Amino acid sequence: MIENTDLSVLVEPTLTWYEANKRDLPWRKDKDPYHIWVSEVMLQQTRVEAVIPYYERFMTALPTIEALAKCQEDPLLKLWEGLGYYNRVRNMQKAAQTICAEYGGQMPQTYDGIVALSGIGPYTAGAIASIAFDERVPAVDGNVLRILSRVSQDDSDILKDATKKRMTAQLSQIMPKEAGAFNQALMEIGALVCIPNGQPKCDLCPWQPFCLAYKNDTYDRLPVKTKAKPRRIEEKTVLLIQDGQKIVLRKRPSKGLLAGLYELPNIEGYLTEEEALAFVRGQNLAPLQIKKLPEAKHIFSHIEWLMQGFLIQVADVDSFQQDEDLSKGPQDYLLVDIDKTRKEYAIPSAFDKYAEFIALHRMD
DNA sequence: GAAGCGTGGTG
DNA sequence: TCACCAAGCTT
(Lines give C-alpha, C1' and ligand atoms only; values in the text may rest on other atoms or scores of the structure.)
Protein backbone atom coordinates (compact mmCIF):
# COMPACT_ATOMS: atom_id res chain seq x y z
CA MET A 1 0.00 0.00 0.00
CA ILE A 2 1.15 3.46 -0.85
CA GLU A 3 1.07 6.06 1.90
CA ASN A 4 0.63 9.77 1.49
CA THR A 5 0.09 9.75 -2.24
CA ASP A 6 -0.51 13.37 -3.17
CA LEU A 7 -3.69 13.45 -5.19
CA SER A 8 -4.07 17.22 -5.33
CA VAL A 9 -2.35 17.41 -8.73
CA LEU A 10 -5.24 15.41 -10.17
CA VAL A 11 -7.99 17.90 -9.42
CA GLU A 12 -7.66 20.35 -12.26
CA PRO A 13 -7.00 17.80 -15.04
CA THR A 14 -9.95 15.78 -13.77
CA LEU A 15 -12.41 18.67 -13.83
CA THR A 16 -11.21 19.81 -17.24
CA TRP A 17 -11.46 16.31 -18.69
CA TYR A 18 -14.96 15.87 -17.28
CA GLU A 19 -16.34 19.04 -18.81
CA ALA A 20 -15.14 17.85 -22.21
CA ASN A 21 -16.07 14.19 -21.93
CA LYS A 22 -19.09 13.71 -19.67
CA ARG A 23 -21.96 11.71 -21.06
CA ASP A 24 -25.36 13.22 -21.59
CA LEU A 25 -27.43 11.07 -19.20
CA PRO A 26 -31.09 11.54 -18.28
CA TRP A 27 -30.34 12.26 -14.63
CA ARG A 28 -27.82 14.94 -15.56
CA LYS A 29 -30.40 17.31 -17.00
CA ASP A 30 -30.82 19.08 -13.67
CA LYS A 31 -29.72 18.90 -10.04
CA ASP A 32 -33.06 17.93 -8.55
CA PRO A 33 -32.11 15.82 -5.51
CA TYR A 34 -34.95 13.39 -6.21
CA HIS A 35 -33.62 12.76 -9.70
CA ILE A 36 -30.08 12.28 -8.40
CA TRP A 37 -31.34 9.99 -5.66
CA VAL A 38 -33.39 7.68 -7.87
CA SER A 39 -30.59 7.41 -10.41
CA GLU A 40 -27.96 6.66 -7.79
CA VAL A 41 -30.04 3.94 -6.18
CA MET A 42 -30.77 2.35 -9.54
CA LEU A 43 -27.08 2.51 -10.43
CA GLN A 44 -26.01 0.55 -7.36
CA GLN A 45 -24.36 -2.59 -8.73
CA THR A 46 -26.12 -1.95 -12.03
CA ARG A 47 -24.90 -0.77 -15.43
CA VAL A 48 -25.80 2.62 -16.86
CA GLU A 49 -27.32 1.15 -20.04
CA ALA A 50 -29.61 -1.06 -18.01
CA VAL A 51 -30.72 1.81 -15.80
CA ILE A 52 -31.68 4.38 -18.43
CA PRO A 53 -35.07 2.93 -19.52
CA TYR A 54 -35.99 2.12 -15.92
CA TYR A 55 -35.14 5.64 -14.84
CA GLU A 56 -37.29 7.22 -17.55
CA ARG A 57 -40.26 5.00 -16.77
CA PHE A 58 -39.91 5.48 -13.02
CA MET A 59 -39.86 9.26 -13.29
CA THR A 60 -42.91 9.28 -15.50
CA ALA A 61 -44.84 7.08 -13.09
CA LEU A 62 -43.59 8.67 -9.86
CA PRO A 63 -42.41 12.20 -10.64
CA THR A 64 -42.15 13.39 -7.03
CA ILE A 65 -40.99 12.14 -3.65
CA GLU A 66 -44.59 12.36 -2.48
CA ALA A 67 -45.78 10.14 -5.33
CA LEU A 68 -43.13 7.58 -4.43
CA ALA A 69 -44.13 7.72 -0.78
CA LYS A 70 -47.76 6.98 -1.61
CA CYS A 71 -47.31 4.25 -4.24
CA GLN A 72 -48.69 0.78 -3.56
CA GLU A 73 -46.10 -1.96 -3.21
CA ASP A 74 -47.17 -4.05 -6.22
CA PRO A 75 -46.93 -1.30 -8.83
CA LEU A 76 -43.72 -0.13 -7.19
CA LEU A 77 -42.14 -3.57 -7.59
CA LYS A 78 -43.45 -3.73 -11.14
CA LEU A 79 -41.51 -0.55 -11.92
CA TRP A 80 -38.40 -2.24 -10.55
CA GLU A 81 -39.01 -5.66 -12.14
CA GLY A 82 -35.83 -6.91 -13.79
CA LEU A 83 -33.47 -4.48 -12.06
CA GLY A 84 -32.78 -6.79 -9.13
CA TYR A 85 -31.93 -6.06 -5.51
CA TYR A 86 -35.56 -5.27 -4.84
CA ASN A 87 -34.97 -4.01 -1.31
CA ARG A 88 -33.49 -0.95 -2.95
CA VAL A 89 -36.89 0.29 -4.02
CA ARG A 90 -38.61 -0.69 -0.79
CA ASN A 91 -35.98 1.19 1.19
CA MET A 92 -36.30 4.13 -1.16
CA GLN A 93 -40.03 4.29 -0.52
CA LYS A 94 -39.45 4.09 3.22
CA ALA A 95 -37.06 7.02 2.93
CA ALA A 96 -39.60 8.94 0.82
CA GLN A 97 -42.16 8.47 3.57
CA THR A 98 -39.64 9.72 6.12
CA ILE A 99 -38.91 12.76 3.96
CA CYS A 100 -42.62 13.54 3.68
CA ALA A 101 -43.23 13.06 7.41
CA GLU A 102 -40.16 14.82 8.76
CA TYR A 103 -38.82 17.14 6.06
CA GLY A 104 -41.95 18.49 4.43
CA GLY A 105 -41.33 16.42 1.31
CA GLN A 106 -37.94 18.01 0.62
CA MET A 107 -34.71 16.00 0.59
CA PRO A 108 -32.53 16.95 3.59
CA GLN A 109 -29.67 19.09 2.31
CA THR A 110 -26.71 17.73 4.26
CA TYR A 111 -24.72 14.50 4.05
CA ASP A 112 -25.57 13.67 7.65
CA GLY A 113 -29.28 14.13 7.07
CA ILE A 114 -29.22 12.18 3.82
CA VAL A 115 -27.15 9.24 5.05
CA ALA A 116 -29.62 8.66 7.87
CA LEU A 117 -32.33 7.74 5.36
CA SER A 118 -33.23 4.14 4.64
CA GLY A 119 -31.24 2.54 1.85
CA ILE A 120 -28.77 5.41 1.60
CA GLY A 121 -25.21 4.58 2.62
CA PRO A 122 -21.95 6.50 2.47
CA TYR A 123 -21.63 6.38 -1.31
CA THR A 124 -25.17 7.41 -2.20
CA ALA A 125 -25.28 10.12 0.49
CA GLY A 126 -22.01 11.51 -0.82
CA ALA A 127 -23.32 11.49 -4.37
CA ILE A 128 -26.57 13.28 -3.51
CA ALA A 129 -24.96 15.79 -1.16
CA SER A 130 -22.23 16.68 -3.63
CA ILE A 131 -24.17 16.61 -6.89
CA ALA A 132 -27.41 18.22 -5.73
CA PHE A 133 -26.04 20.53 -3.03
CA ASP A 134 -22.30 20.78 -3.79
CA GLU A 135 -21.37 19.74 -0.28
CA ARG A 136 -17.66 18.95 -0.26
CA VAL A 137 -17.88 15.23 0.53
CA PRO A 138 -16.51 12.29 -1.47
CA ALA A 139 -18.65 9.65 -3.17
CA VAL A 140 -16.53 6.52 -3.24
CA ASP A 141 -17.86 3.71 -5.41
CA GLY A 142 -16.19 0.84 -7.23
CA ASN A 143 -15.00 3.11 -10.04
CA VAL A 144 -13.29 5.46 -7.62
CA LEU A 145 -11.66 2.64 -5.70
CA ARG A 146 -10.37 1.17 -8.95
CA ILE A 147 -8.85 4.34 -10.37
CA LEU A 148 -7.31 5.34 -7.04
CA SER A 149 -5.79 1.92 -6.51
CA ARG A 150 -4.29 2.10 -9.98
CA VAL A 151 -3.04 5.65 -9.95
CA SER A 152 -1.24 5.08 -6.67
CA GLN A 153 -0.53 1.39 -7.38
CA ASP A 154 -2.16 0.44 -4.12
CA ASP A 155 -2.76 -3.28 -3.66
CA SER A 156 -5.05 -2.97 -0.65
CA ASP A 157 -8.24 -5.02 -0.92
CA ILE A 158 -10.82 -2.48 -2.12
CA LEU A 159 -13.67 -4.49 -0.62
CA LYS A 160 -12.39 -3.89 2.90
CA ASP A 161 -13.96 -1.10 4.91
CA ALA A 162 -10.55 0.11 5.98
CA THR A 163 -9.53 0.68 2.35
CA LYS A 164 -12.71 2.58 1.54
CA LYS A 165 -12.28 4.73 4.62
CA ARG A 166 -8.69 5.57 3.79
CA MET A 167 -9.46 6.51 0.20
CA THR A 168 -12.47 8.53 1.34
CA ALA A 169 -10.24 10.42 3.74
CA GLN A 170 -7.64 11.07 1.01
CA LEU A 171 -10.31 12.47 -1.27
CA SER A 172 -11.78 14.64 1.47
CA GLN A 173 -8.50 16.49 1.69
CA ILE A 174 -8.43 17.47 -1.96
CA MET A 175 -12.17 17.90 -2.58
CA PRO A 176 -12.63 21.08 -4.66
CA LYS A 177 -15.58 23.42 -4.36
CA GLU A 178 -17.02 21.77 -7.50
CA ALA A 179 -17.57 18.61 -5.48
CA GLY A 180 -20.42 17.25 -7.57
CA ALA A 181 -18.52 17.59 -10.82
CA PHE A 182 -15.36 16.17 -9.29
CA ASN A 183 -17.07 13.09 -7.86
CA GLN A 184 -18.87 12.42 -11.11
CA ALA A 185 -15.64 12.95 -12.99
CA LEU A 186 -13.88 10.26 -10.96
CA MET A 187 -16.65 7.80 -11.73
CA GLU A 188 -16.75 8.82 -15.37
CA ILE A 189 -13.03 8.19 -15.74
CA GLY A 190 -13.59 4.77 -14.22
CA ALA A 191 -16.53 4.03 -16.48
CA LEU A 192 -15.07 5.31 -19.76
CA VAL A 193 -11.29 5.20 -19.47
CA CYS A 194 -9.97 3.18 -16.57
CA ILE A 195 -12.44 0.40 -17.26
CA PRO A 196 -12.84 -2.72 -15.15
CA ASN A 197 -12.85 -5.31 -17.95
CA GLY A 198 -10.29 -5.34 -20.67
CA GLN A 199 -7.61 -2.87 -21.56
CA PRO A 200 -7.87 0.57 -19.94
CA LYS A 201 -7.66 3.44 -22.40
CA CYS A 202 -4.60 5.05 -20.92
CA ASP A 203 -4.01 7.19 -24.00
CA LEU A 204 -7.25 9.02 -23.26
CA CYS A 205 -6.65 9.32 -19.54
CA PRO A 206 -6.10 12.69 -17.86
CA TRP A 207 -4.25 10.87 -15.08
CA GLN A 208 -1.71 9.14 -17.29
CA PRO A 209 1.23 11.43 -16.33
CA PHE A 210 0.64 10.60 -12.66
CA CYS A 211 -0.38 6.96 -12.83
CA LEU A 212 1.94 4.39 -11.24
CA ALA A 213 0.02 1.45 -12.70
CA TYR A 214 0.55 2.93 -16.16
CA LYS A 215 4.20 3.69 -15.48
CA ASN A 216 4.88 0.18 -14.21
CA ASP A 217 2.36 -1.60 -16.41
CA THR A 218 0.58 -3.14 -13.43
CA TYR A 219 -3.01 -2.09 -14.19
CA ASP A 220 -4.03 -5.68 -14.92
CA ARG A 221 -3.30 -6.70 -11.33
CA LEU A 222 -5.27 -3.82 -9.85
CA PRO A 223 -7.53 -3.35 -8.07
CA VAL A 224 -7.17 -6.22 -5.63
CA LYS A 225 -10.47 -7.76 -4.51
CA THR A 226 -11.16 -10.79 -2.36
CA LYS A 227 -12.73 -13.61 -4.30
CA ALA A 228 -16.42 -14.26 -3.83
CA LYS A 229 -17.23 -17.53 -2.19
CA PRO A 230 -18.80 -20.18 -4.41
CA ARG A 231 -22.56 -20.15 -4.95
CA ARG A 232 -24.71 -22.81 -3.37
CA ILE A 233 -26.81 -24.84 -5.75
CA GLU A 234 -30.53 -25.39 -5.28
CA GLU A 235 -32.65 -27.77 -7.31
CA LYS A 236 -36.26 -26.85 -7.92
CA THR A 237 -39.36 -28.08 -9.67
CA VAL A 238 -41.42 -25.29 -11.20
CA LEU A 239 -45.11 -25.82 -11.91
CA LEU A 240 -47.27 -24.08 -14.46
CA ILE A 241 -50.70 -24.94 -13.16
CA GLN A 242 -53.39 -23.64 -15.47
CA ASP A 243 -56.72 -24.18 -17.12
CA GLY A 244 -57.68 -22.37 -20.30
CA GLN A 245 -57.96 -18.95 -18.70
CA LYS A 246 -56.01 -18.74 -15.49
CA ILE A 247 -52.72 -19.72 -13.93
CA VAL A 248 -51.63 -20.18 -10.34
CA LEU A 249 -49.14 -17.65 -9.02
CA ARG A 250 -47.69 -17.24 -5.56
CA LYS A 251 -46.54 -14.14 -3.73
CA ARG A 252 -43.13 -14.57 -2.17
CA PRO A 253 -42.55 -13.79 1.51
CA SER A 254 -41.92 -10.17 2.48
CA LYS A 255 -38.34 -10.87 3.52
CA GLY A 256 -35.39 -12.57 1.89
CA LEU A 257 -34.67 -13.43 -1.72
CA LEU A 258 -36.99 -11.73 -4.24
CA ALA A 259 -39.17 -10.53 -1.39
CA GLY A 260 -42.72 -9.57 -2.34
CA LEU A 261 -42.43 -10.61 -5.98
CA TYR A 262 -44.74 -13.11 -7.69
CA GLU A 263 -43.54 -16.48 -8.83
CA LEU A 264 -44.66 -19.70 -10.41
CA PRO A 265 -45.29 -22.28 -7.69
CA ASN A 266 -42.12 -24.27 -7.15
CA ILE A 267 -40.95 -27.01 -4.85
CA GLU A 268 -37.50 -27.81 -3.56
CA GLY A 269 -35.91 -30.77 -5.31
CA TYR A 270 -36.63 -32.61 -8.52
CA LEU A 271 -40.10 -34.13 -8.38
CA THR A 272 -41.26 -37.00 -10.54
CA GLU A 273 -44.43 -36.54 -12.59
CA GLU A 274 -46.31 -38.56 -10.00
CA GLU A 275 -45.06 -36.39 -7.16
CA ALA A 276 -45.93 -33.24 -9.06
CA LEU A 277 -49.44 -34.53 -9.70
CA ALA A 278 -49.78 -35.45 -6.04
CA PHE A 279 -48.78 -31.93 -5.09
CA VAL A 280 -51.45 -30.49 -7.36
CA ARG A 281 -54.14 -32.81 -6.01
CA GLY A 282 -53.03 -31.78 -2.55
CA GLN A 283 -54.10 -28.26 -3.49
CA ASN A 284 -57.63 -29.49 -4.25
CA LEU A 285 -57.13 -29.38 -7.99
CA ALA A 286 -57.89 -32.05 -10.55
CA PRO A 287 -55.01 -32.48 -12.99
CA LEU A 288 -55.99 -33.52 -16.50
CA GLN A 289 -52.66 -33.62 -18.21
CA ILE A 290 -49.00 -33.14 -17.41
CA LYS A 291 -46.13 -32.31 -19.70
CA LYS A 292 -42.45 -31.98 -18.95
CA LEU A 293 -40.87 -28.61 -19.72
CA PRO A 294 -37.21 -27.90 -20.50
CA GLU A 295 -34.68 -27.61 -17.74
CA ALA A 296 -33.43 -24.15 -16.88
CA LYS A 297 -30.68 -22.53 -14.87
CA HIS A 298 -30.69 -19.18 -13.16
CA ILE A 299 -27.67 -17.62 -11.51
CA PHE A 300 -28.08 -15.17 -8.66
CA SER A 301 -25.15 -13.46 -7.01
CA HIS A 302 -25.00 -16.08 -4.27
CA ILE A 303 -27.29 -18.96 -5.36
CA GLU A 304 -27.69 -21.05 -8.47
CA TRP A 305 -31.10 -22.51 -9.25
CA LEU A 306 -31.27 -25.65 -11.35
CA MET A 307 -34.86 -26.04 -12.41
CA GLN A 308 -37.05 -28.57 -14.06
CA GLY A 309 -40.65 -27.77 -14.88
CA PHE A 310 -44.05 -29.28 -15.52
CA LEU A 311 -46.98 -27.82 -17.35
CA ILE A 312 -50.10 -29.14 -15.66
CA GLN A 313 -53.56 -28.63 -17.08
CA VAL A 314 -56.27 -28.75 -14.48
CA ALA A 315 -60.06 -28.79 -14.61
CA ASP A 316 -61.79 -25.69 -13.31
CA VAL A 317 -58.95 -23.92 -11.61
CA ASP A 318 -61.51 -21.73 -9.84
CA SER A 319 -62.21 -24.44 -7.31
CA PHE A 320 -58.73 -23.72 -6.05
CA GLN A 321 -59.67 -20.20 -5.12
CA GLN A 322 -62.54 -21.37 -2.96
CA ASP A 323 -60.42 -23.49 -0.68
CA GLU A 324 -60.06 -21.50 2.51
CA ASP A 325 -57.11 -23.50 3.70
CA LEU A 326 -55.00 -22.07 0.94
CA SER A 327 -55.39 -18.52 2.12
CA LYS A 328 -54.33 -19.58 5.59
CA GLY A 329 -51.28 -21.47 4.46
CA PRO A 330 -47.75 -20.20 4.59
CA GLN A 331 -47.77 -19.55 0.87
CA ASP A 332 -49.89 -16.84 -0.61
CA TYR A 333 -51.39 -18.38 -3.74
CA LEU A 334 -53.53 -16.55 -6.23
CA LEU A 335 -55.20 -17.10 -9.57
CA VAL A 336 -54.35 -14.79 -12.38
CA ASP A 337 -55.78 -14.27 -15.81
CA ILE A 338 -53.25 -15.67 -18.27
CA ASP A 339 -53.22 -12.50 -20.35
CA LYS A 340 -52.55 -10.28 -17.33
CA THR A 341 -49.89 -12.37 -15.68
CA ARG A 342 -46.77 -10.86 -17.14
CA LYS A 343 -48.30 -7.46 -17.69
CA GLU A 344 -49.44 -6.76 -14.15
CA TYR A 345 -47.31 -8.86 -11.82
CA ALA A 346 -43.64 -8.40 -10.99
CA ILE A 347 -42.14 -11.79 -11.71
CA PRO A 348 -38.39 -12.33 -11.28
CA SER A 349 -36.41 -13.11 -14.40
CA ALA A 350 -35.40 -16.42 -12.81
CA PHE A 351 -38.73 -17.70 -14.16
CA ASP A 352 -38.42 -16.30 -17.67
CA LYS A 353 -37.79 -19.65 -19.25
CA TYR A 354 -41.07 -21.01 -17.84
CA ALA A 355 -43.08 -17.80 -18.04
CA GLU A 356 -42.70 -18.06 -21.81
CA PHE A 357 -44.97 -21.07 -21.75
CA ILE A 358 -47.81 -19.37 -19.93
CA ALA A 359 -49.71 -18.28 -23.01
CA LEU A 360 -48.65 -21.03 -25.37
CA HIS A 361 -50.31 -24.15 -24.11
CA ARG A 362 -53.94 -23.30 -23.69
CA MET A 363 -56.36 -26.16 -24.02
CA ASP A 364 -59.14 -24.18 -25.70
C1' DG B 1 -16.33 -8.52 9.18
C1' DA B 2 -19.12 -11.54 6.60
C1' DA B 3 -23.18 -12.81 4.46
C1' DG B 4 -27.48 -11.84 1.96
C1' DC B 5 -29.35 -9.64 -1.80
C1' DG B 6 -30.45 -9.73 -8.84
C1' DT B 7 -29.54 -9.25 -13.27
C1' DG B 8 -27.33 -8.88 -17.66
C1' DG B 9 -22.96 -7.97 -20.16
C1' DT B 10 -18.29 -9.49 -21.31
C1' DG B 11 -13.81 -11.67 -22.43
C1' DT C 1 -19.37 -22.15 -20.76
C1' DC C 2 -18.18 -19.54 -16.98
C1' DA C 3 -15.88 -16.43 -13.77
C1' DC C 4 -15.95 -11.88 -13.20
C1' DC C 5 -18.02 -7.61 -13.06
C1' DA C 6 -21.54 -2.97 -12.40
C1' DA C 7 -22.56 4.37 -9.62
C1' DG C 8 -23.75 -0.65 -2.42
C1' DC C 9 -26.69 -1.20 1.59
C1' DT C 10 -28.41 -3.82 5.48
C1' DT C 11 -28.07 -6.95 9.13
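All values reported here derive from a predicted model rather than from experimental measurement. Letters A, B, ... are given to chains in the order of the sequence lines, protein chains preceding strands, and every chain is numbered from 1.
- Judged as a salt bridge (charged side-chain N to carboxylate O under 4.0 Å, His left out), not a single pair has a partner in residues 273-286 of chain A (not counting sequence neighbours).
- For DNA chain C, the neighbouring residues in residues 21-31 of chain A, judged by any heavy atom under 4.0 Å, are A:Arg23, A:Leu25, A:Trp27, A:Arg28.
- Residue A:Ser118 places none of its side-chain N or O atoms closer than 4.0 Å to OP1 or OP2 of C:dC9.
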Dump the pairs, protein N or O against N or O of nucleotides 9-11 of chain B, anything under 3.5 Å, distances to one decimal.
none

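- A:Tyr219 and A:Gln199 are linked by a side-chain donor-acceptor pair at a separation below 3.5 angstrom, with hydrogens and angles left out of the test.
- In the set B:dG1, C:dA6, C:dC9, the nucleotide with an atom closest to the side chain of A:Gln45 is C:dA6.
- For A:Arg146, no side-chain nitrogen or oxygen approaches OP1 or OP2 of C:dC5 to under 4.0 Å.
- Contact annotation: A:Ser301 side-chain N/O to B:dG4 OP1/OP2 distance is not under 4.0 Å.
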Dot-bracket assigned to DNA chain B with the 3.5 Å Watson-Crick/G-U criterion, [ ] for crossing and | for other-strand pairs, is .||||.|||||

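- Residues forming a side-chain contact (heavy atoms from CB on, under 4.5 Å) with A:Thr110 (at least two apart in sequence, or on another chain): A:Asp112, A:Glu135.
- The base of B:dG6 sits with one of its N or O atoms less than 3.5 Å from a complementary donor or acceptor on the side chain of A:Thr46.
- For A:Arg146, the side chain to side chain donor-acceptor pair (under 3.5 Å) criterion is met by A:Asn143, not counting sequence neighbours.
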